[in-house]
J.: 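Please read through the structure below; I'll follow up with questions.
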There are 2 protein chains.
Amino acid sequence: MSSDKCPLMAASKLLSRKWGLVIIYYLLEGEKTFSELEKKINGISSKTLSETLEDLVEMGLAERIVEPGPPVRVRYRLTEMGRDLERVIVYMAEWACKWLLKEDECPRPKIREGSAQS
Amino acid sequence: MSSDKCPLMAASKLLSRKWGLVIIYYLLEGEKTFSELEKKINGISSKTLSETLEDLVEMGLAERIVEPGPPVRVRYRLTEMGRDLERVIVYMAEWACKWLLKEDECPRPKIREGSAQS
DNA sequence: CCGGATCCGTTATGATACTG
DNA sequence: CAGTATCATAACGGATCCGG
C-alpha cells in the first residue's frame, strides 16, 4: 500500500497556501488587524490576504475578532493550535536566514514570550 | 516601515510549492527515484512531481543523479541545504500529528541518523 | 480610511494520455 | 522508468468597487 500516513500531507492545506506561514509569523508577534497585516506583508494582495485569513480561521489556526464600532475593527489572533506552529516557523526563519539571506538581513525573531493574551 | 526583511518571504518560493516540503520529508529517508516518490506521495500528479523536483534542484535543495543505463535510473538526493530543513520538517510533522491526525496514525519519523547537523 | 468583495488575467496543480 | 503533452480547475495578483 502506498497509503503511508504522512503528517505533512495532512498539513498540505496549510502548506499549500503561499502566505499561510508568513501570516502566522507576523501574528506570532501579537494580534493584528487586516490592514496591519497588509502593510507588514509586502507583496500580498488584499484578496489573497482575505482568503488566506479565512482559511486560517477555518482550519482553526486563527480567530477573527470583531470589535463593534464605530469604527468597526477586525483583529486576527492565533489560537493555541496556531501558536503551536511557533517552533516550526522559528526554525524555518533560521533556515532562511542561514541559506537565503545575508547575515545583516537576518532579523531577531520578534516572537512574544509568555504569550498569555486573554 | 513595511520593508521588514521577513525570512519566511525569502523562502516563499519553497513554501508556495504545495508538495515541496512533503517531497523533502520523504527524501530525508534517503535517496529516491521518481517513481518511488510518486508511489510514496499519494495524490501528487507526475507533472507536479516533475516540476517541483526541478524547482527543488534549481533552488539547491536537491540533486538529480542520473545513473547511465540501460536502464537509466534517476535518483534524487537532498543537498546539505535541503537536509538542513530536517528540524523544520520534523517539527511540522509533529505538529500535524498532534493537531491533525489521530495518535495511531502518527508515524515515527524515519529520518536517517548520522547526517551533518549544525 | 477599513475590511473586504468582484472582475479579470496569469500561474500552479490535477487527471489523463502518451512517449523514448 | 522518467518523465511530456494537453486540457480543466484552483490559487494568486492587480485593479476596482462598496457599505460603514
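Throughout, protein chains are lettered first and strands after them, A, B, ... in sequence-line order, and every chain is numbered starting at 1. Fair warning: this is a prediction, and the values are worked out from it, not measured in the lab. The analysis underlying the following values was restricted to heavy atoms, covering all of them including side chains, and did not include hydrogens, waters or symmetry mates.
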J.: Nearest whole Å is fine: how far is C:dG4 P from A:Glu36 CD?
T.: 13 Å
J.: Looking at CZ of B:Arg83 and CD of B:Glu86, how far apart are the two atoms once the value is rounded to the nearest 0.5 Å?
T.: 5.5 Å
J.: Would you mind reading off the distance between A:Leu53 atom CG and C:dG3 atom P, rounded to a whole angstrom?
T.: 11 Å
J.: Only counting residues at least two apart or in another chain, list the ones meeting side-chain hydrogen bond (donor to acceptor under 3.5 Å, both in side chains) with A:Thr48.
T.: A:Ser45
J.: Using a 4.0 Å heavy-atom cut-off, does B:Glu51 contact any base of the nucleic acid, only the sugar-phosphate backbone, or nothing at all?
T.: base
J.: Provide, to the nearest angstrom, the distance between the NZ atom belonging to B:Lys39 and the P atom belonging to D:dG3.
T.: 14 Å
J.: In whole Å, what is the span from the CD atom of A:Glu67 to the C1' atom of D:dG20?
T.: 16 Å
J.: Output the rounded distance in Å from CD (B:Glu38) to C1' (D:dC1).
T.: 10 Å
J.: Checking all strands, does A:Arg64 fall into the base, sugar-phosphate, or nothing category for heavy-atom contacts under 4.0 angstrom?
T.: sugar-phosphate
J.: Could you state the interatomic distance from CG (A:Leu101) to CH2 (A:Trp95), rounded to the nearest 0.5 Å?
T.: 10.0 Å
J.: Check the phosphate of D:dG3 against B:Tyr76, side-chain N and O only, distance under 4.0 Å to OP1 or OP2. Yes or no?
T.: yes
J.: For B:Glu51, is there an ion pair with B:Lys47 - N to carboxylate O distance below 4.0 angstrom?
T.: yes
J.: Between B:Thr33 and D:dC1, is there a contact of a side-chain N or O with OP1 or OP2 at under 4.0 Å?
T.: no
J.: Testing the basics here: between B:Cys6 and A:Tyr26, what is the closest heavy-atom pair and its distance to 0.1 Å?
T.: CB-OH, 3.0 Å
J.: Quick check: closest heavy atoms across B:Leu61 and B:Met81, and the distance to 0.1 Å?
T.: CD2-CG, 3.7 Å
J.: For a 4.5 angstrom cut-off between non-hydrogen side-chain atoms, does B:Thr52 reach B:Val22?
T.: no
J.: What is the distance, to the nearest angstrom, from the CD1 atom on B:Ile23 to the P atom on C:dA12?
T.: 15 Å
J.: Let me know the distance between CD of B:Glu31 and P of D:dA2, rounded to the nearest Å.
T.: 13 Å
J.: For B:Arg73 and for A:Val72, find the nucleotide of DNA chain D with the closest heavy atom, then tell me which residue's nucleotide is more 5'.
T.: B:Arg73
J.: Would you mind building the protein contact string for nucleotides 14-20 of chain C? One character per nucleotide, 5' to 3', B for base within reach (heavy atoms under 4.0 Å), S for sugar-phosphate only, - for untouched.
T.: BB-B---
J.: Could you tell me how far apart A:Lys32 (NZ) and C:dG4 (C1') are, to the nearest whole angstrom?
T.: 20 Å
